[in-house]
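The next block holds one structure in the form of structure tokens; read it before the comments.
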Amino acid sequence: MASVRRMKSCVLTVLLLEVLSGVVSSLYFHIGEAETKCFIEEIPDETTITANFWTQLRDNQRDEHLPAPPDLGISVVVKDPDDKLVLSQRYGSEGRFKFTSPKPGRYQICLQSSSSQRPLSAGGMLTVHLDIRVDERTKNYSEIAAKEHLSELQLRVRQLAEQVQQIQRQQDYQRFREKHFREVSHNTNMWIFWWPIVRSLYVAAIVTWCTKFW
């Protein structure tokens with residue numbers, strides 16, 4: 001009975017961690033021809049990001065979506081918190097890109113539509129659908145179980161271990177953000193403390209100089 005209770009507890013823990021971890025975000029946005037749209041994603045270090053996107057032609061005059069032009073291209077550029085290039089690739093009207101974060105922080109992900117041979121009609125826009133998956137959600141555990149001959153319990157335990165690692169990375173990133181916030185707050189407080197003193201010394205020096213030479 002005790003082993004059954006422990007197994008149930010383990011399964012419940014796995015289910016809870018599946019809800020808390022493995023971030024999946026989906027969004028869509030509109031861009032014009034040769035226009036660039038960027039957004040910021042806060043990512044812990046050593047985290048794999050996989051994104052799928054596809055585009056549609058948005059006709060605002062008719063209020064409908066049409067298939068994207070076959071020669072349409074989407075360029076993807078990803079930069080790390082230090083503005084260093086992580087990924088730069090050109091795709092078609094749909095594609096999939098993947099990268100691993102070398103350090104924690106805010107990553108800039110930019111998508112730009114490349115001009116096609118057939119320009120967009122007046123009032124036409126492109127609708128880009130973007131599905132971002134983080135870390136363990138990018139893995140196909142069914143294929144892993146079949147390849148490594150894992151039982152259902154072994155597969156759950158493996159998922160649990162990887163999800164615990166992801167949670168630890170999230171916690172490390174939160175500590176990193178808190179440390180950065182404390183440093184910024186300390187520097188701001190020091191500036192607030194010293195600025196009146198520096199200003200008073202400056203005024204005293206000006207007054208002394210004026211009274212000495214007048």
Side-chain angles (χ1 to χ4, degrees), residues 13 16-32 34-53 74-89 97-113 125-138 160-214:
T13 304
L16 178 60
L17 288 172
E18 284 182 349
V19 174
L20 295 178
S21 63
V23 179
V24 180
S25 58
S26 299
L27 56 93
Y28 72 91
F29 52 89
H30 303 292
I31 57 175
E35 183 182 357
T36 301
K37 283 289 180 70
C38 299
F39 58 93
I40 302 297
E41 189 80 12
E42 293 193 353
I43 306 173
D45 62 332
E46 298 180 0
T47 300
T48 301
I49 303 296
T50 302
N52 296 279
F53 68 89
I74 297 293
S75 298
V76 178
V77 175
V78 180
K79 294 184 178 181
D80 69 4
D82 297 329
D83 204 34
K84 294 181 179 179
L85 190 65
V86 177
L87 173 69
S88 179
Q89 187 69 41
F97 61 91
K98 181 179 181 179
F99 68 93
T100 300
S101 56
K103 60 173 61 178
R106 295 185 174 186
Y107 284 74
Q108 184 184 63
I109 303 176
C110 297
L111 285 83
Q112 180 185 33
S113 62
M125 297 285 289
L126 291 172
T127 300
V128 181
H129 303 266
L130 184 62
D131 180 22
I132 300 176
R133 298 179 179 270
V134 179
D135 215 23
E136 77 277 352
R137 291 292 184 177
T138 66
L160 173 61
E162 293 181 353
Q163 289 167 352
V164 167
Q165 292 177 355
Q166 173 66 10
I167 291 176
Q168 289 175 342
R169 286 195 290 268
Q170 292 283 354
Q171 291 175 339
D172 291 340
Y173 179 57
Q174 291 300 325
R175 285 192 287 268
F176 167 79
R177 291 185 60 189
E178 291 173 0
K179 179 181 178 182
H180 177 69
F181 177 76
R182 286 195 300 268
E183 291 176 351
V184 172
S185 299
H186 174 73
N187 294 335
T188 303
N189 292 333
M190 291 300 294
W191 173 253
I192 293 174
F193 173 78
W194 284 107
W195 169 243
I197 299 175
V198 172
R199 184 178 59 183
S200 299
L201 292 175
Y202 175 77
V203 172
I206 293 296
V207 171
T208 302
W209 183 83
C210 292
T211 56
K212 181 178 181 181
F213 292 96
W214 282 5

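Keep in mind that this is a model prediction, so the values were computed, not measured. By convention here, the first residue in the shown sequence is residue 1.
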Rounded to the nearest 0.5 Å, what separation is found between the [atom1] atom of [X] and the [atom2] atom of [Y]?
X      : Y      : atom1 : atom2 : result
Asp82  : Lys103 : CG    : NZ    : 3.5 Å
Phe39  : Ile109 : CZ    : CD1   : 4.0 Å
Ile132 : Ile43  : CD1   : CD1   : 8.0 Å
Lys79  : Lys84  : NZ    : NZ    : 13.0 Å
Asp131 : Asn52  : CG    : CG    : 6.0 Å
Leu126 : Leu111 : CG    : CG    : 11.5 Å

Should the ring pair Phe97 and Phe99 be called parallel, tilted or perpendicular, given that the plane angle runs from 0 to 90° and is split at 30 and 60?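 Answer is parallel, since the angle falls under 30°.
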N-O pairing of Asp80 and Arg106 below 4.0 Å: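 Between Arg106 and Asp80 there is no salt bridge, as every charged N stays at least 4.0 Å from the carboxylate O atoms.
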Given 3.5 Å as the limit, does a donor-acceptor pair link the side chain of [X] with the main chain of [Y], or not?
X      : Y     : answer
Ser113 : Gly32 : yes
Ser101 : Thr47 : yes
Ser88  : Val77 : no

Side chain to side chain donor-acceptor pair (under 3.5 Å) with Lys37: which residues, sequence neighbours excluded? none
Start with the C-alpha gap between Val128 and Tyr28, add the side-chain angles, then the distance that decides, and say whether side-chain contact (heavy atoms from CB on, under 4.5 Å) holds. CA-CA 5 Å; Val128 181; Tyr28 72 91; over 6 Å; no
Heavy atoms, side chains only, cut-off 4.5 Å: are [X] and [Y] in contact?
X      : Y      : result
Gln108 : Cys110 : yes
Val76  : Phe53  : yes
Lys98  : Thr48  : yes

I'd like to know whether CZ of Phe29 has more than 12 heavy-atom contacts from other residues, nucleotides or ligands below 6.0 angstrom.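 More than 12 heavy atoms, drawn from other residues, nucleotides or ligands, come within 6.0 Å of this atom.
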Quick one: closest heavy-atom pair of Pro81 and Pro104, and the distance?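 Pro81 and Pro104 have their closest heavy atoms at CG-O, 3.6 Å.
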Show the atom names and distances, to 0.1 Å, of all donor-acceptor pairs under 3.5 Å that link a side chain in residues 189-200 to residues at least two apart or in another chain.
from: Asn189; atom 1: ND2; to: Ser185; atom 2: O; distance (Å): 3.1
from: Ser200; atom 1: OG; to: Pro196; atom 2: O; distance (Å): 2.8

